[in-house]
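Per chain, numbering begins at 1; letters A, B, ... match sequence-line order.
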There are 2 protein chains.
Amino acid sequence: MGTTQLESVPEPKYWHLKTVLSDALDSEFAVGEILPNERELAARFGVARATLRQALEQLELEGRLQRRRGVGTTVAPPRMGVAVADAEHAWPGTAADAWQPVDSTEEAPPAALARLLGTEPGQVVHVVRRARKTRGQPVAAELLYVPADSVPGLAPLDAPAGPSRARAVLRELQQLRLEGQERAVELGSARADDAKQLDRLPGAPVLLVTTRYFADGRTAAVAVATYRADTCRLTFGESDGAGVRLLAG
Amino acid sequence: MGTTQLESVPEPKYWHLKTVLSDALDSEFAVGEILPNERELAARFGVARATLRQALEQLELEGRLQRRRGVGTTVAPPRMGVAVADAEHAWPGTAADAWQPVDSTEEAPPAALARLLGTEPGQVVHVVRRARKTRGQPVAAELLYVPADSVPGLAPLDAPAGPSRARAVLRELQQLRLEGQERAVELGSARADDAKQLDRLPGAPVLLVTTRYFADGRTAAVAVATYRADTCRLTFGESDGAGVRLLAG
DNA sequence: CAGTGGTCTAGACCACCAT
DNA sequence: TGGTGGTCTAGACCACTGA
């Protein structure tokens with residue numbers, strides 16, 4: 001690795017480094033294997049640690065590596081295929097889906113969500129928190145916003161919070177006839193609480209899935225799900241078809 | 001901003017900075033406005049430039065900022081809602097969709113794609129490159145892989161490459177009866193060629209949308225679309241419904 | 001406790017853009 | 001040509017993990 005190659009278009013070092021490391025991962029490392037630590041890798045490639053870290057960050061973003069403080073950097077398994085849009089027209093919480101209710105509170109949603117819900121700014125709604133695991137690993141955290149109008153049968157529970165309250169809200173929601181739903185996916189960074197639930201650091205890259213549920217000609221609920229971008233590939237389409245397996249890896 | 005606050009859980013500086021800047025963006029800046037340059041911002045907040053940059057990177061990842069070398073850092077407009085899964089069951093290139101054919105070549109796809117396509121490794125297929133623009137801005141670059149089997153009517157053209165060849169492949173593909181499709185979304189980083197087409201730097205975060213098209217009981221084509229993660233929100237569902245507008249903002 | 005990745009600093013130079 | 005963001009360095013200290 002001579003340093004004085006006359007490159008007419010000088011590729012950044014970290015970019016080249018990423019390529020080299022990526023090839024090495026393909027050919028010389030097995031999934032789960034621990035890489036040499038950052039200081040040694042940097043020395044080995046003759047770059048500053050910050051530069052080496054820039055390359056590792058890219059690879060982590062692409063789901064090739066997994067880094068844990070105090071432990072080390074390991075080779076990540078291929079991303080898990082996670083089905084979004086499970087049954088095409090079903091309320092959340094029906095059947096034994098992948099989600100697990102965590103708790104439920106009553107809060108005023110952020111302004112942007114109040115607009116989606118069609119509620120007054122500052123108006124409190126039910127907020128159901130759910131967690132999703134796949135193969136034992138937490139993959140997503142969700143906040144489901146349900147205006148009181150959408151669950152008229154819900155008793156003004158004395159049950160304060162917790163999973164049972166969450167289940168009660170979901171049960172009531174399922175009384176409505178679902179007319180349709182709408183979904184959007186975008187890149188975000190994990191808020192502190194979500195990060196904790198996902199076993200990541202705050203600011204970790206996540207895929208934000210916003211789902212709007214329609215009933216009675218209006219928005220009955222909105223879910224904002226936060227998926228780990230490093231370990232997940234979101235899949236859409238006929239989710240139980242045999243073909244999905246191939247794409248879902 | 002005294003430096004010696006006894007925080008039991010010391011928040012990283014860049015994280016706190018991000019919050020402060022985010023609030024400032026909401027209240028004191030208009031879309032398109034230019035922020036002070038990085039050296040001045042760093043001085044103003046009493047941190048190193050690298051730390052300030054870490055905060056800016058986060059905000060850019062969330063689509064709040066846009067940075068251009070030689071120009072400056074500007075406040076980004078809200079993300080554009082981009083409809084994926086346009087008409088639920090349609091081949092690419094039908095009607096006047098948002099995509100524009102760029103060219104078409106014959107190449108051997110990467111191993112992972114050959115597996116999806118069900119072709120032999122090393123087997124050449126048609127590769128159609130398309131570009132997508134919204135409101136004048138490039139938002140996505142796509143490579144559509146079409147095995148020769150899927151377009152039996154395609155004449156062994158002397159037309160070498162270019163948009164007309166791409167259109168010919170798409171036209172032939174549309175002769176098949178589309179039986180279904182499957183989609184997956186994941187986070188990636190822009191390859192050099194895609195980055196150029198998207199007017200971004202290599203390694204920029206992108207949303208990778210992989211679509212498998214089924215016909216005749218097998219995979220007839222696979223598309224890999226690379227969307228700018230900073231400016232796009234991918235929308236799914238009844239894409240022309242009035243309701244989408246709200247979510248698409 | 002030693003070793004890991006995460007944060008932070010104060011510089012330097014480079015590539016790009018508008019003027 | 002001057003100013004911007006992008007890359008890179010060589011250090012330092014901190015937070016966390018596991019033995």
Checklist line | Distance test, side-chain N/O of Asn37(B) to OP1/OP2 of dG3(D), below 4.0 Å | finding: no

Next item on the list: Would you mind checking if Arg132(B) and Glu142(B) are paired as a salt bridge, meaning a charged N to carboxylate O distance below 4.0 Å?
Entry: no

Next item on the list: Specify the residue among Gly46(A) and Arg49(A) whose closest nucleotide of DNA chain D lies further upstream toward the 5′ end.
Entry: Gly46(A)

Item checked: Gap between atoms CG and P, on Leu201(B) and dG5(D) respectively (whole Å) -> 13 Å

Notebook entry, point to check: Side-chain N or O of Thr73(B) less than 4.0 angstrom from OP1 or OP2 on dT4(D)?
Noted result: no

Check: Roughly how far, to the nearest 0.5 Å, is CG of Leu207(B) from CD of Glu186(B)?
Finding: 10.0 Å

Check: So, does Arg79(A) use its side chain to make a donor-acceptor pair with the main chain of Leu187(B) at under 3.5 Å?
Finding: yes

Notebook entry, point to check: At what distance, to the nearest 0.5 angstrom, does CD of Gln58(B) lie from OH of Tyr14(B)?
Noted result: 5.5 Å

Check: Do any N or O atoms from the side chain of Arg228(A) and from the backbone of Leu198(A) form a donor-acceptor pair under 3.5 angstrom?
Finding: yes

Margin query: Are the side chains of Trp15(A) and Pro202(B) in contact, using a 4.5 Å heavy-atom criterion?
Written below: yes

Next item on the list: On the 0 to 90° scale, with breaks at 30° and 60°, tag the Phe236(A)-Phe236(B) ring pair as parallel, tilted or perpendicular.
Entry: parallel

Notebook entry, point to check: Tell me, for nucleotides 14-19 of chain D in 5' to 3' order, what letter each nucleotide earns: B for a base near a protein heavy atom under 4.0 Å, S for only sugar-phosphate near one, - for neither?
Noted result: -BBB--

Item checked: Worked verdict on Thr74(B) versus Gln66(B) for side chain to side chain donor-acceptor pair (under 3.5 Å) -> CA-CA 5 Å; Thr74(B) 58; Gln66(B) 195 162 351; 4.6 Å; no

Check: Between atom CG in Leu52(B) and atom P in dT4(D), what is the gap in whole Å?
Finding: 13 Å

Note to self: Need two values: the first and the last nucleotide of DNA chain C, 5' to 3', having an atom under 4.0 Å from any heavy-atom of chain A.
What the structure shows: dG3(C) to dA15(C)

